[in-house]
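What's counted below: heavy atoms across the whole structure, side chains too, no hydrogens, waters or symmetry copies. Just so it is clear: chains get the letters A, B, ... in the order the sequence lines come, proteins before strands, and each one is counted from 1.
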Protein chains: 4
Amino acid sequence: MAERPLRADAARNRAKLLAVATEVFTTRGIGVPTEEIARTAGVGVGTLFRHFPTKEALLEAVMVGRLDESAAQVAQLAAAAGPAEAFFSCFRLLVEQSVGKSEFTEALAAAGVDVHAALRERTEEIRDRLSGLLAGAQRAGAVRPELGLPEFLALLAGTGRAVEQLGEDPAARERIFTVVLDGLRPH
Amino acid sequence: MAERPLRADAARNRAKLLAVATEVFTTRGIGVPTEEIARTAGVGVGTLFRHFPTKEALLEAVMVGRLDESAAQVAQLAAAAGPAEAFFSCFRLLVEQSVGKSEFTEALAAAGVDVHAALRERTEEIRDRLSGLLAGAQRAGAVRPELGLPEFLALLAGTGRAVEQLGEDPAARERIFTVVLDGLRPH
Amino acid sequence: MAERPLRADAARNRAKLLAVATEVFTTRGIGVPTEEIARTAGVGVGTLFRHFPTKEALLEAVMVGRLDESAAQVAQLAAAAGPAEAFFSCFRLLVEQSVGKSEFTEALAAAGVDVHAALRERTEEIRDRLSGLLAGAQRAGAVRPELGLPEFLALLAGTGRAVEQLGEDPAARERIFTVVLDGLRPH
Amino acid sequence: MAERPLRADAARNRAKLLAVATEVFTTRGIGVPTEEIARTAGVGVGTLFRHFPTKEALLEAVMVGRLDESAAQVAQLAAAAGPAEAFFSCFRLLVEQSVGKSEFTEALAAAGVDVHAALRERTEEIRDRLSGLLAGAQRAGAVRPELGLPEFLALLAGTGRAVEQLGEDPAARERIFTVVLDGLRPH
DNA sequence: GATGAATGAGAATTCATTCAT
DNA sequence: AATGAATGAATTCTCATTCAT
């Protein structure tokens, strides 16, 4: 339970590795060699494998980090506004965050990283939060009542994909949001 | 310039290789070894590399095949109905077709397959056709006039992603389509 | 069933690899790197792994080769003489053959190479043959009747170990044989 | 020359490390990682390497400990009985002790631990003692007079190997001893 | 043209050993 | 003295690609 707190330098290395891994997995896919990640982080491979006993473990840790971050932001946004606004702003937030990362996510799934405890825990947490958001927005009449959580999550991923493919055109991105968010409203 | 026509057996081999490659890249990602593709196709690796000098070339060929198929279907649908209906049915068609293939597409992109002539040609063709469809639907007042081709393509990819993530629930899939297609209509 | 006959060059490579592996595993233990074995055999590592998909598989193949050889020699000796003489000459033969190889055998056992079909088959065959030899010599009154096959095999291994440790002194080696062979006779 | 006496805790650590190393090298071979030995002994790797500057040094220390123990027991037995009985009981003792340890001994040899001072010293001591035992038994007419120390040592090792291979069957083990001990007697 | 054996540059992972804390 | 984090050479195995048959 009580993981001994890492020595300062070890913690720094771990953080650096995680940062580098997040960056490269995200932008170049999970094919990037562990060796390169270590080198970029300024440590030896041995250090990488001391912190993450497997490449898969590293992938998972990256995933967990991303989810934690998202969860925190969702929590913050959800608390700050009425149900409808909370729902829509979270939708935007999550989409924006996932941009540039779908290749990574897909690869993770394809690699069959079978969601271990840590990962599942985070996933559940976000899932619960989003479930609450969706229900709130539906009660407020802002979202089609027939939509379930799975469709919501799928739309989240899909919109992220769309925005990602669009590249750097903010006006076009806005039009994508308009389409999806309008589509989410009761008709 | 004029490629000498392949001997009958060579053509058969090429076709078989393409079929197998399409299947495995689509279902298991681009990580599948060339050797396995060759074996499944019932030929030696040498033959594979004779027809496709590079794994990347094989990927591209698979891509071209899929695009040709899609283009043909789009052409058929586009001819068979009024502009609005043509647009919407093509949208569905392309989405359904891309299901289960995004991992492949992403991988292709990530691999930096820099769109050669053959590929570009097909892409352009579909692009033109879709451009026409979109314009038609917009003229008919069935689709928001402010949407451009890029957004349309992005929504296509995104909806595919959403449907893919949803898995096998046809009712939920239908709800995804409802959201996106309603969102596409003028508001 | 019908393993396609290897191409001449492939067969040559396989044989060379096996010879080199037998040599180095025997003299230097199983720790010798696959890479070195390949290099010594004059082929690339890839070739080694094509013929023996695993280092363990290579170990096993070496083992099988050695057993086959022994079995053939035992068969020959066993046919050539009366039961007592057959027994004693086979004992000597097997001991002499195992010299310098116990480190290898032990390592194999320690590595938990869990005796696959091919290996087991050979082991059984030799075992059966030796069982017959032992029974014959016992019926002829040349060997203590209370000894079972396991003790016989253990003495074989032990005498091999003794001879091995002794090094190159033929007279001393002969004295070891005298002790053990005299000890085997009824008292 | 005079090694400064270790602090009490350091001595404890050293002893614990040696005990653990003896145990694991004996039962699992010399492949066990130093890290694991240290952890099992309840110390850090650094401590292990402070006491034994090399893994090989640790192997040697283990060896020395085992030899000291054997030497003490041999001395005790040798003093307690007539020459013949002393000889035979020491033979049994040394064989029983070496059971389960041959893999370790072989590995040591294979690793080329070139017998340093400490090790050689112990070896010599035992060697001398056994030489005395053997001569005594030969003078008493209990052992073949033509046997030299090398053959005796080789038979010791070989019988150990035989007994080891036999496993847990005490009656069979006894039969092995009968064969070898009878063989040792003048004929 | 077809075959599949050979190649060898990686890739992930381990482990003895060093060194900052 | 003790600790355990860091190191990086070494190891096994994979796979795109070439080339002798």
>> If you define the side chain from C-beta out and look only at heavy atoms, does anything of C:V43 sit under 4.5 Å from C:K16?
In response: no

> Within the pair D:T47 and F:dT3, is there a side-chain N or O less than 4.0 Å away from OP1 or OP2?
Replying inline: yes

> Along nucleotides 13-21 of chain E, 5' to 3', which nucleotides get a B, which get an S, and which get a -, given that the test is a protein heavy-atom distance under 4.0 Å?
Replying inline: BBSBBB---

> In whole Å, what is the span from the CZ atom of C:R39 to the C1' atom of E:dT7?
Replying inline: 15 Å

> What pairs with B:A19 under side-chain contact (heavy atoms from CB on, under 4.5 Å), at least two apart in sequence or on another chain?
Replying inline: none

>> C:R122: which residues meet the side chain to side chain donor-acceptor pair (under 3.5 Å) condition with it, sequence neighbours left out?
In response: C:D68

> OP1, OP2 of F:dA6 versus side-chain N and O of A:H51: anything below 4.0 Å?
Replying inline: yes

>> Any heavy-atom pair between the side chains of A:R14 and A:F52 that's under 4.5 Å?
In response: yes

>> Show every side-chain hydrogen bond (donor to acceptor under 3.5 Å, both in side chains) that has at least one partner inside residues 35-47 of chain A, sequence neighbours left out.
In response: A:R28-A:E36

>> Expressed as a whole number of angstroms, how long is the span from C:F25:CZ to F:dT12:C1'?
In response: 12 Å

> To the nearest angstrom, how far is C:L17 atom CG from E:dA5 atom P?
Replying inline: 14 Å

> Looking at side-chain heavy atoms only, is the closest gap between C:I30 and C:V24 below 4.5 Å?
Replying inline: no

> Taking for each residue the nucleotide of DNA chain E with the nearest heavy atom, is it B:L48 or C:N13 whose nucleotide lies nearer the 5' end?
Replying inline: B:L48

> Using the P atom in both, what is the distance from E:dG1 to F:dT21, to the nearest Å?
Replying inline: 22 Å

> What integer distance in Å separates B:R50:CZ from F:dA16:C1'?
Replying inline: 18 Å

>> For the CD atom of D:E56 and the CG atom of D:L59, what is their distance to the nearest 0.5 Å?
In response: 7.0 Å

> Would you say the side chain of A:V20 lies within less than 4.5 Å of the side chain of A:E23, judging by non-hydrogen atoms?
Replying inline: no

>> Which residues pass the side chain to side chain donor-acceptor pair (under 3.5 Å) test with A:T34, not counting sequence neighbours?
In response: none

>> Whole angstroms only, please: what is the CD-C1' distance between A:E36 and F:dG8?
In response: 17 Å

>> Tell me the interatomic distance from C:L59, atom CG, to F:dC13, atom P, rounded to whole angstroms.
In response: 10 Å

> Looking at the side chain of B:V43, which of F:dA2, E:dT3, F:dT3 is the nearest nucleotide?
Replying inline: E:dT3

> Under a 3.5 Å cutoff on both atom distances, Watson-Crick or G-U, what's the dot-bracket for DNA chain E ([ ] crossing, | other strand)?
Replying inline: .||||||||||||||||||||

